[in-house]
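The structure appears below as structure tokens.
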Amino acid sequence: MLRVVFMGTPEFAVKALDGIAREHQVLGVYTQPDKPSGRGLGVTASAVKKRTLDLGLPVYQPEKLSLPGEFEKLAALKPDIIVVVAYGQILKKNVLELPRLGCINIHSSLLPRWRGAAPIQWAILGGDPESGVSTMRLVEKLDAGDVLMQAQTPISDADTAGSLHDRLAVMGAELISKTLSALEKSTLKGQVQDESQVTYASKLTKEMEFLDPALSAQDLDRRVRALNPWPGTSLFVKLGGETQRLRIKQAKVRADITVEPGKISERAGMLLLGTKQGALELLKFQWDGKKEIDPMSFVNGLKGRGEKLPLTVVSPPA
């Protein structure tokens, strides 16, 4: 049984914490400080903190580990190993070198592909046939440590960032269990990453929400699946002289249908966006600030406003 300090913050890390707590001695859990959220800006604890309290484990929430006295508190726990899962702080050299077995990370990609902030979303955006999880040694350079173990899963045409996230969270918990067991027995050697194969998963931005018809229907479908719930995906059209946002929640590629690019049209009960290559069937959508509607309600709503299809997609307002 290893003496473990766990560091993590979002829901993705919870299953790993549960698994480690069943098999090892968790000395303490580090997570980000409680933060304001919602309209009332009430203070909300992280998913990991909530689970930590349920498990009856000590919880630590320093603003930064580099603040005076924080490293000393961590060192006093005398961990054999530190496990990090989307903690939200970069660990400095003194922390990385503290435990005798080092610091181990669960990363939600098949390293060296998709180092960085949003590997789950970029695997879908990039059209990857598979994704997975990696356990690796943490070093000072971002996501560049030796890979210890990996597990793969195919990415289907129906996968969203949400479904892939949930699957990888379970896989990550299983993989860290195997990794810790092998490290405890001193039977695991790391594999140096091939720097020539590195790709980076940059942070998502609000500007990514626009579904540009100049892209292919396949590219737009990947965006819809990868970018919900945030930043979401939207089309913009002119109605009543104003630019209106139509939020797209689910779509489907219709490669066999031709629709004028840049137009939203109706055919055989389907609402279709014409693109550079193929058409995108819009399955779930809603006007900004309104309830979700189906294609028939969409068409009837346009008639009630004195508008009709096709609609021309325009660039988002500056």
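Between the side chain of Asn228 and the main chain of Val224, a donor-acceptor pair closer than 3.5 Å is present. A donor-acceptor pair is defined here as one N or O able to donate and one able to accept, closer than 3.5 Å; no such pair exists between the side chain of Arg223 and the backbone of Gln218. Between the side chain of His24 and the backbone N or O of Arg3, no donor-acceptor pair lies under 3.5 Å. Distance alone, capped at 3.5 Å, places no donor-acceptor pair between the Arg113 side chain and the Val198 backbone. Distance alone, capped at 3.5 Å, is enough to place a donor-acceptor pair between the Thr31 side chain and the Gly8 backbone. Put simply, the side chain of Gln250 never gets that close to the backbone of Arg225: no donor and acceptor are under 3.5 Å apart. Proximity of a side-chain donor or acceptor of Ser46 to a complementary backbone N or O of Gln32 within less than 3.5 Å is not detected. Using modelled atom types, one side-chain atom of Arg115 and one backbone atom of Asp143 make a donor-acceptor pair closer than 3.5 Å. Asp221 places no side-chain N or O within donor-acceptor distance of the main-chain N or O of Val253, the cut-off being under 3.5 Å. The main-chain N or O of Leu111 is found under 3.5 Å from a side-chain atom of Ser134 such that the two form a donor-acceptor pair.
Note: the hydrophobic cluster containing Leu227 does not contain Ile124 (ILVMFWY, side chain heavy atoms under 4.5 Å, direct or indirect links). Transitive grouping of hydrophobic side chains (ILVMFWY, heavy atoms separated by less than 4.5 Å) brings Leu235 and Leu309 into a common cluster. The hydrophobic cluster containing Leu273 also contains Leu246, counting ILVMFWY residues as joined when their side-chain heavy atoms lie under 4.5 angstrom apart, directly or transitively. Under a hydrophobic-cluster definition in which Ile, Leu, Val, Met, Phe, Trp and Tyr are linked whenever side-chain heavy atoms come within less than 4.5 Å, directly or via other members, Leu148 and Leu110 are assigned to different clusters. Residues Val29 and Ile104 share a single hydrophobic cluster, defined by chaining ILVMFWY side chains whose heavy atoms lie under 4.5 Å apart.
In this structure the side chain of Val314 never reaches within 4.5 angstrom of the side chain of Val237, judged on heavy atoms. Contact of the Phe6 side chain with the Val85 side chain is registered, since non-hydrogen atoms from C-beta on lie closer than 4.5 Å. Put simply, the side chain of Val259 reaches to within 4.5 Å of the side chain of Ser265, judged on heavy atoms. Residues Glu70 and Glu63 have side chains not in contact (no heavy-atom distance under 4.5 Å, counting atoms from C-beta outward). Residues Pro310 and Ile264 form no side-chain contact, since every pair of their non-hydrogen atoms from C-beta on lies 4.5 Å or further apart. Between Glu140 and Leu96, the closest side-chain pair of non-hydrogen atoms falls below 4.5 Å. You'll find the side chain of Leu282 stays beyond 4.5 Å of the side chain of Leu272, heavy atoms only. Residues Ser66 and Phe71 are not in side-chain contact: their nearest non-hydrogen atoms beyond the backbone lie 4.5 Å or more apart.
Between the side chains of Trp114 and Asp128, at least one donor N or O sits under 3.5 Å from an acceptor N or O. Side-chain atoms of Gln191 and Gln150 include no donor-acceptor pair closer than 3.5 Å. For the 3.5 Å distance criterion, the side chains of Gln152 and Ser131 fail to qualify, holding no donor opposite an acceptor. One side chain, Lys263 or Thr312, offers a donor N or O that lies under 3.5 Å from an acceptor on the other. Side chains of Ser216 and Asp219: a donor-acceptor N/O pair is present below 3.5 angstrom, by distance only. Looking at Asn300 and Ser297, their side chains never bring a donor and an acceptor atom within 3.5 Å of each other. Neither side chain, Lys64 nor Gln89, offers a donor N or O lying under 3.5 Å from an acceptor on the other. A donor atom on one side chain and an acceptor atom on the other are found under 3.5 Å apart for Lys49 and Gln61.
Closest of all the heavy-atom pairs between Ala217 and Leu280 is O-CD1, 3.6 Å. Closest non-hydrogen pair, Gln197 versus Pro112, comes out as CB-CG, 3.7 Å. Closest heavy-atom contact between Gly116 and Leu142: CA-CD2, 4.1 Å. Counting all heavy atoms, side chain and backbone alike, Val48 lies closest to Pro10 at CG2-O, 3.6 Å. Between Phe285 and Ile248, the closest heavy-atom pair is CB-CD1, 3.9 Å. Residues Arg167 and Pro154 share a closest heavy-atom pair of NH2-O, 2.9 Å.
Lys92 has no carboxylate O lying under 4.0 Å from a charged side-chain N of Glu97, or vice versa, which leaves the two without a salt bridge. For Arg245 and Asp288, the salt-bridge test passes: some basic side-chain N is under 4.0 Å from an acidic carboxylate O. Using a 4.0 Å cut-off between charged side-chain N and carboxylate O, Asp146 and Arg137 make no salt bridge. A salt bridge does not link Lys276 with Asp212: every distance from a Lys NZ or Arg NE/NH1/NH2 to an Asp or Glu carboxylate oxygen is 4.0 Å or more. Under a 4.0 Å N-O distance rule, the pair Lys252/Glu281 does not qualify as a salt bridge. Between Asp18 and Lys15 there is no salt bridge, since no side-chain nitrogen of the basic residue lies less than 4.0 Å from a carboxylate oxygen of the acidic one.
Within a 6.0 Å sphere centred on CD of Glu292, other residues, nucleotides and ligands contribute more than 12 heavy atoms. Open room surrounds CD on Glu242; 12 or fewer heavy atoms of other groups in view lie less than 6.0 Å from it. The environment of CG in Asp157 is sparse: at most 12 heavy-atom neighbours from other residues, nucleotides or ligands sit within 6.0 Å. Within 6.0 Å of the CD1 atom in Ile90, the count of heavy atoms belonging to other residues, nucleotides or ligands does not exceed 12.
Partners of Trp287 under the ring-ring contact (aromatic ring centres under 6.0 Å, His included) rule, at least two apart in sequence or in another chain, are Phe298. Take Tyr30 and apply the ring-ring contact (aromatic ring centres under 6.0 Å, His included) test, not counting sequence neighbours, and it matches Tyr60.
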Point to revise | Working for salt bridge (charged side-chain N to carboxylate O under 4.0 Å, His left out), residues Glu195 and Lys141 | key: CA-CA 12 Å; Glu195 292 291 326; Lys141 184 178 179 182; 3.6 Å; yes
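With rounding to the nearest 0.5 angstrom, the CG atom of Leu57 is 9.5 Å from the CG atom of Leu27. In this structure, CD on Glu23 lies 10.0 Å from CD1 on Ile176, to the nearest 0.5 angstrom.
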